[in-house]
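All heavy atoms count here, side chains included; hydrogens, waters and symmetry mates do not. To find a chain, count down the sequence lines: A is the first, B the second, and so on, and within it residues start at 1. Keep in mind it's a predicted model, so treat the numbers as computed, not measured.
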Amino acid sequence: MAVTGDETESAATGDIPAYQLRSPNSSLAQSIVLAESPSNMQSPSSQHAEEITRKREVRLMKNREAARECRRKKKEYVKCLENRVAVLENQNKTLIEELKSLKDIYCHKAE
DNA sequence: AAAACTATCCGTCACAGTTA
DNA sequence: TAACTGTGACGGATAGTTTT
């Protein structure tokens, strides 16, 4: 398993952008509730936290879409390769047949 | 019928590569 | 060089299939 470095450790060292950090309660519903609460009567620090949460949600949403698109493209690519394999197999079969009949013709001439 | 196995899909994370 | 994007890897959920 190559992936899965310790997130908490990296976070402590500041390697990860703030919006990628896991919030204590990272469920989507909770985040949306947070994002929708009025911001004008909040302390600067909670506004900042809210901004981080919002950025994280945006990032997750974009990445979700990106992953879908990436998988769609990959499937298409595999389908193309499979089609190409089928075409080449047919060509190969045809060429083998052609070679066989040319050999036949050549053998009969040689007699 | 239920448990065990397999295949497929999805969301997320981490990271390399790209862009402004 | 910070922000963004594309993608491999992982783990959970669900559905379908096989085994007991």
Side-chain angles (χ1 to χ4, degrees):
Chain A
M1 206 222 284
V3 190
T4 315
D6 188 352
E7 225 172 72
T8 346
E9 193 187 330
S10 315
T13 60
D15 290 349
I16 299 175
Y19 64 86
Q20 283 193 355
L21 296 178
R22 240 187 235 285
S23 53
N25 187 341
S26 67
S27 79
L28 187 61
Q30 178 74 12
S31 304
I32 288 170
V33 168
L34 273 178
E36 283 176 348
S37 58
S39 58
N40 55 351
M41 51 201 291
Q42 290 179 351
S43 67
S45 68
S46 76
Q47 279 184 31
H48 182 242
E50 199 177 291
E51 176 69 2
I52 287 171
T53 303
R54 193 189 62 79
K55 281 186 176 173
R56 178 181 151 78
E57 291 306 328
V58 168
R59 162 66 190 161
L60 288 181
M61 201 176 69
K62 281 186 176 178
N63 192 243
R64 209 175 297 140
E65 292 296 321
R68 277 199 203 115
E69 178 64 9
C70 185
R71 284 169 185 142
R72 191 192 61 76
K73 277 166 65 184
K74 190 173 180 178
K75 265 190 177 176
E76 204 174 284
Y77 174 68
V78 168
K79 213 183 272 177
C80 278
L81 286 182
E82 285 169 350
N83 283 343
R84 184 154 170 73
V85 166
V87 166
L88 290 174
E89 277 175 352
N90 277 337
Q91 277 182 8
N92 197 34
K93 214 184 279 177
T94 307
L95 288 171
I96 286 171
E97 288 303 315
E98 198 179 325
L99 178 61
K100 211 164 145 191
S101 55
L102 286 173
K103 273 181 179 171
D104 273 356
I105 292 170
Y106 178 77
C107 285
H108 282 116
K109 271 193 175 172
E111 282 168 8

Between [atom2] on [N] and [atom1] on [X], what's the gap in Å once rounded to a whole number?
X       : N      : atom1 : atom2 : result
A:Glu69 : B:dG11 : CD    : C1'   : 16 Å
A:Asn63 : B:dA14 : CG    : P     : 11 Å
A:Arg56 : B:dG11 : CZ    : C1'   : 11 Å
A:Lys74 : B:dC10 : NZ    : C1'   : 14 Å
A:Glu65 : C:dG6  : CD    : P     : 12 Å
A:Lys73 : C:dG6  : NZ    : P     : 6 Å
A:Met61 : C:dC4  : CE    : C1'   : 14 Å
A:Leu60 : B:dA14 : CG    : P     : 11 Å

*Residue pair A:Leu81 / A:Tyr77, side-chain heavy-atom distance below 4.5 Å*: yes

*Check whether any side-chain heavy atom of A:Glu69 sits under 4.5 Å from a side-chain heavy atom of A:Lys73, and report yes or no.*
yes

Short side-chain N/O contact to [N] OP1/OP2 from [X], under 4.0 Å:
X       : N      : answer
A:Arg64 : B:dC10 : no
A:Arg68 : C:dT5  : no
A:Lys62 : C:dG6  : no

*asked:* One thing to verify: whether A:Arg72 and A:Glu76 come together as a salt bridge, which I'm taking to mean a side-chain N less than 4.0 angstrom from a carboxylate O.
replied: yes

*Do the charged groups of A:Glu82 and A:Lys79 touch, with an N to O distance under 4.0 Å?*
no

_Minimum-distance nucleotide to A:Lys75 side chain [options: B:dG11, B:dC9, B:dC13]_ = B:dC9

*asked:* Between the base of C:dG6 and the side chain of A:Arg71, is there a donor and acceptor pair under 3.5 angstrom?
replied: no

